[in-house]
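A, B, ... follow the sequence lines: proteins, then strands. Residue 1 opens every chain. Note that the structure is a prediction, hence the values are computed from the model and not measured.
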Amino acid sequence: MGIMRLGRVEVRVLDLEKSIDYYSNVIGLQLTARENGRAYFKAWDEEDHHSLIITEADHPGLVHMAFKVRFERELDEYEKALEQYGVRVNRVSKGTRIAEGQAIRFELPTGHLVELYHDIERVGNGLKLNPDPYPENLKGIAPPLLDHLLITGEDVQAATDLLMKVFDFHMSERVVTVDGEQLLAVWLFRTNTPHDIAIIKGPNGKLHHFAFNLGSWNDILRAADCLAKNNVAFDVPPTRHGITRGTTIYFFDPSGNRNEVFSGGYIPHEDFTPVTWTEDQLGRGIFYHMRELNERFTTALT
Amino acid sequence: MADQYRVRVTEDETEFVCGTHQDLLAAAVAQQVRSIKRGCRGGGCGMCKVQVLDGAYDLGKSSVAILPPAEREQGYVLACKTIPKSDLKIRVTTES
């Protein structure tokens with residue numbers, strides 16, 4: 001019931017062809033469709049038609065994020081619940097984008113557009129009958145799945161409240177001021193991963209990064225090799241997060257949208273007690289080894 | 001035609017050379033010139049914004065959100081997207 005996962009992100013890119021090459025050959029996603037000014041991708045283990053849409057524009061950043069719900073009727077239920085919560089909801093009609101059914105759309109208090117949907121063309125992963133563990137001819141990093149995204153906004157508390165109260169997101173971790181008075185960042189999940197969405201205090205409407213899942217620390221190292229070979233700009237090379245305990249690399253797509261590959265972390269359940277970090281320990285929370293944030297990590301947003 | 005140009009950074013009196021197919025930020029980084037901030041290197045974040053005070057250049061695709069047309073007219077560029085077409089004099093900006 002309810003939201004199953006972060007189903008897709010749509011990001012703006014400055015140069016469509018360059019970005020198609022990057023997401024196909026360096027990240028190693030499968031290009032499933034393209035139309036005027038847009039391209040659609042899925043990761044190899046995903047069954048839905050796409051999890052990433054890139055749209056050509058004169059500036060980078062997030063167009064929308066979308067969560068997939070278990071049942072179509074839940075769109076009506078969430079539409080009502082959102083309206084009762086005081087949030088305006090719009091309908092996105094079937095066929096607005098390739099392979100997608102209808103969706104409902106609303107804005108978070110942080111200014112980000114969110115869609116909920118159930119209906120999307122199922123193309124499968126080709127691994128359902130006596131399968132091999134992974135398909136042939138994977139390219140680049142080849143993550144199996146889209147994992148999560150991190151957005152920035154001024155009122156972290158208001159966005160957190162909405163996601164927890166309306167959609168029953170659960171909190172895995174949070175960063176608070178030393179006096180405990182103010183929520184500065186939050187990690188929220190509906191799946192059994194430490195986060196499907198995270199929100200950190202910053203300018204409204206901005207994207208900090210979106211992340212793909214990898215299976216192991218060894219895959220992280222291999223991904224870093226692939227990025228170096230392809231001359232991709234690193235933000236932070238392989239390391240561990242204190243928050244989520246996951247291993248990570250941050251790097252930039254050709255338009256400056258930050259990408260992450262993320263592996264590991266614990267498996268939280270609905271009764272998980274949130275982990276709290278105080279602001280003075282944020283460096284250690286984000287980058288457990290170096291214990292400090294670089295300026296680029298906090299200011300380069302799209 | 002030269003195969004590289006000289007780029008002078010006015011604040012710290014440093015100078016570096018930049019190839020005719022190389023962007024200013026890549027050249028600066030390769031020569032350990034650290035006065036230009038290194039961000040996304042994709043024309044998207046604005047951290048490497050500098051002002052060209054003198055000289056000719058080509059500016060590649062850069063976000064209008066962080067480099068609006070009015071700034072472009074005043075010679076502001078993103079170093080990661082700027083290829084010199086002559087010797088340049090640049091000023092490192094603090095705002096971005």
Side-chain angles (χ1 to χ4, degrees), chain A residues 11-23 26-27 37 54-63 111 150 152 202-210 227-228 230-237 249-260 293-302, chain B residues 9 11-12 16 18-51 57-83 92-96:
Chain A
V11 295
R12 291 181 295 264
V13 298
L14 296 173
D15 184 324
L16 189 66
E17 294 307 320
K18 236 167 118 173
S19 304
I20 288 174
D21 178 58
Y22 167 84
Y23 283 107
V26 181
I27 301 297
I54 58 174
T55 298
E56 196 163 47
D58 61 11
H59 64 295
L62 185 70
V63 181
L150 169 59
T152 70
N204 270 352
K206 294 289 187 181
L207 173 68
H208 186 278
H209 69 266
F210 61 98
L227 295 167
N230 286 284
N231 207 24
V232 171
F234 279 88
D235 184 9
V236 178
I249 311 169
Y250 288 112
F251 49 99
F252 294 101
D253 87 354
S255 310
N257 294 304
R258 188 184 283 95
N259 292 162
E260 180 187 17
L293 303 181
N294 70 52
E295 185 192 353
R296 180 172 51 224
F297 185 80
T298 52
T299 57
L301 305 169
T302 58
Chain B
V9 185
E11 282 91 340
D12 47 7
F16 62 94
C18 187
T20 53
H21 297 287
Q22 190 178 26
D23 69 73
L24 297 184
L25 185 60
V29 169
Q31 290 158 69
Q32 275 88 50
V33 174
R34 307 226 169 242
S35 42
I36 307 172
K37 283 183 185 167
R38 292 159 290 163
C40 73
R41 302 200 190 187
C45 79
M47 281 184 74
C48 67
K49 192 187 286 186
V50 299
Q51 188 178 21
Y57 56 87
D58 278 346
L59 176 66
K61 283 184 180 172
S62 308
S63 168
V64 300
I66 44 99
L67 192 69
E71 288 191 6
R72 293 175 199 226
E73 282 168 23
Q74 295 163 32
Y76 286 95
V77 297
L78 302 181
C80 72
K81 288 287 166 184
T82 302
I83 313 276
V92 177
T93 62
T94 45
E95 77 277 16
S96 67

Original post:
Going from CG on A/D235 to CZ on B/R41, what distance comes out if it is rounded to the nearest 0.5 angstrom?
Top reply: 11.0 Å

Original post:
Nearest heavy-atom pair of B/G39 and A/F252: which atoms, and what distance?
Top reply: O-CE1, 3.7 Å

Subject >> Over all atoms of both residues, closest heavy-atom pair of A/H59 and B/V64 >> reply: CB-N, 4.1 Å

Original post:
Do the side chains of A/E295 and B/M47 get nearer than 4.5 Å, heavy atoms only?
Top reply: yes

**OP:** Any chance you could measure B/C48, atom SG, to A/R296, atom CZ, to the nearest 0.5 Å?
**Re:** 11.0 Å

Original post:
How long is the gap from OG on B/S63 to CG on A/N257, to the nearest 0.5 Å?
Top reply: 9.5 Å

Original post:
Where on A/L301 is there a heavy atom nearer than 4.5 Å to chain B: the side chain, the backbone, both, or neither?
Top reply: backbone

**OP:** Of all the heavy-atom pairs spanning B/C45 and A/A300, show the shortest one and how long it is.
**Re:** CB-CB, 3.7 Å

